[in-house]
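As the structure is a computational prediction, the values presented were derived from the model and not from experiment. Sequential numbering from 1 along the given sequence is applied to the chain's residues. The figures here come from the full heavy-atom set of this structure, side chains too, leaving out hydrogens, waters and symmetry mates.
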Amino acid sequence: MARAGLAPTVTTTDDLSPADEAALSPRWRPPGYWPFVVPALVVVVGVIVFPWAFTLWMSLHEWKVGAAPAFVGLSNYSRLPVDPRFLDAVWQTLVYTALSVVLPLILGTLAACVFHARFPLRGFLRGVFILPMMATPVAIALVWTMMFHPQLGVLNYLLSLVGIPPQLWVFHPATVIPSLVLVETWQWTPLVMLIVLGGLAALPTEPYESAQIDGASLWQVFRHITLPLVAPFLFVAAMIRMIDAVKSFDIIFAITQGGPGTASETINIYLYSVAFAYYDVGYGSAIAVVFFLLIIALAAALLAVRKRTQGAAG
């Protein structure tokens, strides 16, 4: 104890030697969760970061299979704006994506409203309705290819029953994109239905009871109550469908392989042709990079529309 009348001695860091300061300062220790994070980082680097870095590196080179890569800078990117086949592929991708998002959203929302009501065998019919979503894309493509056949297909037979002349479907440039969208809509409308149906099940009942008391019609209830309340779920469905449709490959390739000619050649199909048919890996990598940026731009545009809609509603 300090003696009475004497001030206690205070030791500051200025009085300590460098060795004492090092001994007193807290030492950095790696967090205890690092052993659990490192495997995930290795997977992310190996599966995502490295492939994209290598793709960027390849896009800056002229590299055809069998030849050594040669650095060309941005020459592969400068070819894209003057490549008419690439420009056609971009336009066909946008048209295909727009139709493949809008039609399933409309039909899926209507189907969700129907299956939300109570009627006999509702659960069984729901199960039947979602069956197309469970089938593999190649199997779906083979079945629809037979249905699209101009002479032997069942679609033209059904049209003949109502007096409509037979169509060429995927065998004509003017109808190939709508025909492929028909397949996409048939397969993925159930997904939109499930998302919207989940939203309908979570809606409060008070607005509907008030609308019933006020004598609102079914259309007024849907327009002013149901649609605004399920809008967040529609946005999620639109985002999922947009990303899935813009990168669609398997059904298009299995049914038309981008034909007839290049009438159904989307960016994905053109990228495949450049990289794996013409073996121009450098140019194909540049297309892949631009394609990735296009997906980001479409997603950002959809998010901006959603934000603007929320601001207008607020």
Side-chain angles (χ1 to χ4, degrees), residues 44 48-49 51-52 55-56 77 80-81 86-113 116 130 132-133 137 177-203 222-253 264-272 286-314:
V44 169
I48 299 178
V49 177
W52 267 112
T55 300
L56 287 172
Y77 293 97
L80 294 175
F86 173 76
L87 298 178
D88 290 342
V90 171
W91 170 249
Q92 285 155 188
T93 300
L94 295 176
V95 173
Y96 179 84
T97 300
L99 295 176
S100 298
V101 171
V102 173
L103 292 180
L105 279 181
I106 296 174
L107 298 178
T109 303
L110 294 177
C113 293
H116 184 63
I130 66 175
M133 190 176 61
I177 293 292
S179 300
L180 293 172
V181 170
L182 175 63
V183 181
E184 190 84 5
T185 302
W186 175 82
Q187 183 182 12
W188 294 113
T189 294
L191 175 64
V192 178
M193 185 272 292
L194 290 177
I195 296 175
V196 178
L197 191 61
L200 291 175
L203 296 184
F222 176 79
R223 171 66 181 84
H224 298 287
I225 298 178
T226 303
L227 192 59
L229 291 178
V230 299
F233 300 91
L234 290 174
F235 171 76
V236 173
M239 181 68 73
I240 295 174
R241 285 299 309 127
M242 186 272 294
I243 296 175
D244 185 68
V246 75
K247 63 184 182 64
S248 179
F249 176 83
D250 37 24
I251 287 182
I252 300 176
F253 187 79
S264 63
E265 190 175 63
T266 59
I267 299 178
N268 246 348
I269 302 296
Y270 184 48
L271 170 60
Y272 173 84
I287 296 175
V289 173
V290 173
F291 186 36
F292 178 70
L293 296 177
L294 175 63
I295 295 176
I296 294 178
L298 291 176
L302 199 57
L303 289 172
V305 170
R306 173 58 181 164
K307 186 176 181 179
R308 183 177 302 178
T309 304
Q310 286 181 332

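Considering Val90, Thr93, Ile287 as possible partners of Tyr270, the one that fulfils the side-chain contact (heavy atoms from CB on, under 4.5 Å) test is Ile287. Here the options are Val196, Leu191, Leu197, the test is side-chain contact (heavy atoms from CB on, under 4.5 Å), and the partner is Met193; only Leu197 passes.
Ser100 approaches Arg241 most closely through the heavy-atom pair O-NH2, 3.3 Å. Pairing each heavy atom of Leu303 with each of Phe235, the nearest pair is CD2-CZ, 3.3 Å. Residues Phe222 and Pro228 share a closest heavy-atom pair of O-CD, 4.3 Å. Counting all heavy atoms, side chain and backbone alike, Phe86 lies closest to Leu80 at CD2-O, 3.5 Å. Listed here is the closest heavy atom pair of Met239 and Ala299: CE-O, 3.8 Å. Ile251 and Glu184 make their closest contact through CD1-OE1, 4.3 Å (heavy atoms, listed as atom of the first residue, atom of the second, distance).
Taking CZ of Phe291 as the start and OG1 of Thr266 as the end, the distance is 7.0 Å to the nearest 0.5 Å. We find the CG-CH2 distance between Leu94 and Trp91 to be 7.0 Å, quoted to the nearest 0.5 Å. Between the OG1 atom in Thr189 and the CG atom in Leu107 there is a gap of 5.0 Å [rounded to 0.5 Å]. Atom CG in Leu234 sits 10.5 Å away from atom CD1 in Ile106 (nearest 0.5 Å). Once rounded to the nearest 0.5 Å, the distance linking CG of Leu105 with OG1 of Thr109 reads 6.0 Å. Thr185 contributes atom OG1, which lies 8.0 Å from atom CG of Leu99 (distance to the nearest 0.5 angstrom).
Pro232 is listed as a side-chain neighbour of Arg306, based on a closest heavy-atom distance under 4.5 Å. You'll find the side chain of Asn268 stays beyond 4.5 Å of the side chain of Ile252, heavy atoms only.
More than 12 heavy atoms of other residues, nucleotides or ligands sit less than 6.0 Å from atom CH2 of Trp52.
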- Query: Would Phe292 and Ile296 count as a side-chain contact (heavy atoms from CB on, under 4.5 Å) if you check the C-alpha gap in whole Å, the side-chain angles of each, and the deciding distance to 0.1 Å?
  - Reply: CA-CA 6 Å; Phe292 178 70; Ile296 294 178; 3.3 Å; yes
- Task: Decide yes or no on side-chain contact (heavy atoms from CB on, under 4.5 Å) for Leu203 and Ile225, but give the supporting numbers first.
- Result: CA-CA 10 Å; Leu203 296 184; Ile225 298 178; over 6 Å; no
- Evaluate the criterion side-chain contact (heavy atoms from CB on, under 4.5 Å) for residue pair Tyr77 and Val289; output intermediate values, then yes/no. CA-CA 9 Å; Tyr77 293 97; Val289 173; 3.6 Å; yes
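Partners of Gln92 according to the side-chain contact (heavy atoms from CB on, under 4.5 Å) rule, which considers only residues two or more places apart in sequence or in another chain, are Asp88, Glu265.
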